[in-house]
Amino acid sequence: MSKAASRFAFVSSDTADAKAALESLSERYGQTSIEDAEIVVALGGDGFLLQTLRDTMSTGKKVYGMNRGTIGFLMNEYRASGLTGRIAAAVAETIRPLEMQAVTAEGETISALAINEVALWRQSYQTAKIRITVDGQVRLEELNCDGVMIATPAGSTAYNLSAHGPILPLDAPLLALTPVSPFRPRRWCGALLSNKATVRFDILEAEKRPVNAADHTEVKAVTSVTVRESPTVTATLLFDPSHSWNERILAEQFRY
């Protein structure tokens, strides 16, 4: 096993293709524990890559994803050969997750980290009523909607885009505040916020119109949710130079 190869920890999702790739690459390049590895090679789809990033945040480890899933927007192309050279030439992109603090109807405070977005959804057949405060100032007294989210640049091409939110370049110091099916004010399309902003959502009529909040984990029946970009936690992704994340985000804006 070469010195370069010994740095790799291969991890995979539970699909047959991903497991087969894990076995093949481990045999070819050697396998190191995640604790001892410098590079974690994630084999699967976008969801598995995000889980791997959550597991390795702020450890100093870099994650190189290869697509063994469906869409693989965040992944590099899968090739078994030349992996050591590809990783040596890869471009690093460092991202910061969102910090969420959700207060439930029982008074419990739940904290979590979100790489793509923090989203709120109505829990019943009735529309949610949500007050939005940015940096201590109420900006929207009452939003009637199916939901609302804060998305990072990394997450702007995911659920945010499906809700007609803006695509943000990866290095943009911005967050996207995007409503989901707004009823009142009907024409409100959201806002672009500084990545230094702190956003608070207060659920109005919380007992009658319950709302759930989620990043990776769903929190039911919240009364308030506060979101900000983490000032300390980071995650680092590696991309082939010919297939950088910034290029994919730019290209996504010209596909329609």
Side-chain angles (χ1 to χ4, degrees), residues 47 50-51 53-54 57-58 95-156 158-166 168 173-185 188-235:
L50 291 174
Q51 180 59 56
L53 286 174
R54 279 187 284 269
M57 278 192 291
S58 288
I95 59 176
R96 293 186 181 275
L98 298 173
E99 295 179 345
M100 175 185 80
Q101 281 199 329
V103 179
T104 69
E106 288 74 29
E108 182 182 7
T109 299
I110 298 174
S111 300
L113 294 172
I115 294 173
N116 275 358
E117 75 278 318
V118 171
L120 282 68
W121 299 290
R122 63 185 175 96
Q123 190 177 328
S124 71
Y125 67 92
Q126 291 185 301
T127 59
K129 290 188 176 184
I130 302 172
R131 178 186 300 120
I132 300 176
T133 302
V134 181
D135 291 333
Q137 182 173 348
V138 175
R139 292 295 182 180
L140 197 54
E141 191 65 48
E142 183 177 302
L143 171 64
N144 287 227
C145 59
D146 281 351
V148 64
M149 77 187 78
I150 289 282
T152 65
S156 66
Y159 183 29
N160 172 73
L161 180 59
S162 297
H164 307 291
L168 303 177
L174 298 170
L175 301 173
L177 173 61
T178 303
V180 180
S181 301
F183 180 66
R184 292 286 187 274
W188 187 64
C189 297
L192 290 176
L193 305 177
S194 164
N195 64 341
K196 305 301 183 186
T198 298
V199 182
R200 178 183 169 109
F201 303 100
D202 287 290
I203 313 307
L204 309 178
E205 302 179 25
E207 291 187 9
K208 180 181 178 182
R209 303 170 185 271
V211 168
N212 294 348
D215 60 325
H216 176 61
T217 304
E218 188 172 36
V219 183
K220 294 186 178 295
V222 297
T223 57
S224 70
V225 177
T226 303
V227 183
R228 67 168 187 167
E229 183 183 85
S230 174
T232 57
V233 180
T234 61

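Counting begins at 1 with the first residue of the sequence.
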Measure the shortest side-chain to side-chain distance between F201 and I132 over non-hydrogen atoms and say whether it is less than 4.5 angstrom. yes
Can you list everything that forms a salt bridge (Lys or Arg N to Asp or Glu O under 4.0 Å) with K220? Sequence neighbours excluded, please. E218
Can you tell if the side chain of N195 reaches within under 4.5 Å of the side chain of P173, non-hydrogen atoms only? yes
So, S156 side chain and L168 main chain: donor-acceptor pair closer than 3.5 Å or not? yes
CG-CG distance between L53 and L113, expressed to the nearest 0.5 angstrom: 12.0 Å
Would you check if V225 and V219 make a side-chain contact, meaning some heavy-atom pair closer than 4.5 Å? no
Counting C-beta onward and ignoring hydrogens, is there a side-chain heavy-atom pair between L175 and L98 closer than 4.5 Å? yes
Find the distance between CG (D202) and CG (L143) and round it off to the nearest 0.5 Å. 12.5 Å
Give, for atom CZ of R200 and atom CD1 of I130, the distance between the pair rounded to the nearest 0.5 Å. 13.0 Å
Please check if the side chain of T223 supplies one atom and the backbone of V103 the other of a donor-acceptor pair under 3.5 Å. yes
If we ignore hydrogens and angles and just use 3.5 Å, is the side chain of N144 paired with the main-chain N or O of A128 as donor and acceptor? no
Can you name the nearest heavy-atom pair linking P182 to W188, along with the distance? CG-O, 3.7 Å
Using modelled atom types only, decide if a donor and an acceptor are shared between the side chain of R122 and the backbone of Y125 within a distance under 3.5 Å. yes
Any chance you could measure K129, atom NZ, to R184, atom CZ, to the nearest 0.5 Å? 11.0 Å
Can you measure from CG (L120) to CE (M100) and round to the nearest 0.5 angstrom? 8.5 Å
Distance-only donor-acceptor check, side chains T226 and Q101, under 3.5 Å: no
For E117 versus A151, what's the shortest heavy-atom pair and its separation? CB-CA, 3.9 Å
Is it true that a side-chain atom of R209 and a backbone atom of S124 form a donor plus acceptor pair closer than 3.5 Å? no
Which atom pair, heavy atoms only, marks the closest approach of S230 to E99? OG-OE2, 3.1 Å
G155 versus N116, closest heavy-atom pair with distance: CA-OD1, 3.4 Å
Counting N and O atoms only, with roles assigned by atom type, does the side chain of N160 sit under 3.5 Å from a partner on the main chain of P166, one being a donor and the other an acceptor? yes
Under 3.5 Å, side chain of T234 to main-chain N/O of S58, donor-acceptor pair present? no
Taking every heavy atom of I95 against every heavy atom of I115, the minimum-distance pair comes out as CD1-CG2, 3.7 Å
Any non-hydrogen side-chain atom of P185 less than 4.5 Å from a side-chain atom of L140? yes
Minimum heavy-atom distance G47-R54, with the two atoms named: O-NH2, 4.4 Å
Report yes or no: do Q137 and D135 form a side-chain donor-acceptor pair below 3.5 Å? no
Nearest-0.5 Å distance, CD1 of residue I203 to OG1 of residue T104: 12.0 Å
Would you call R131 and E141 a salt bridge, taking side-chain N to carboxylate O under 4.0 Å as the test? yes
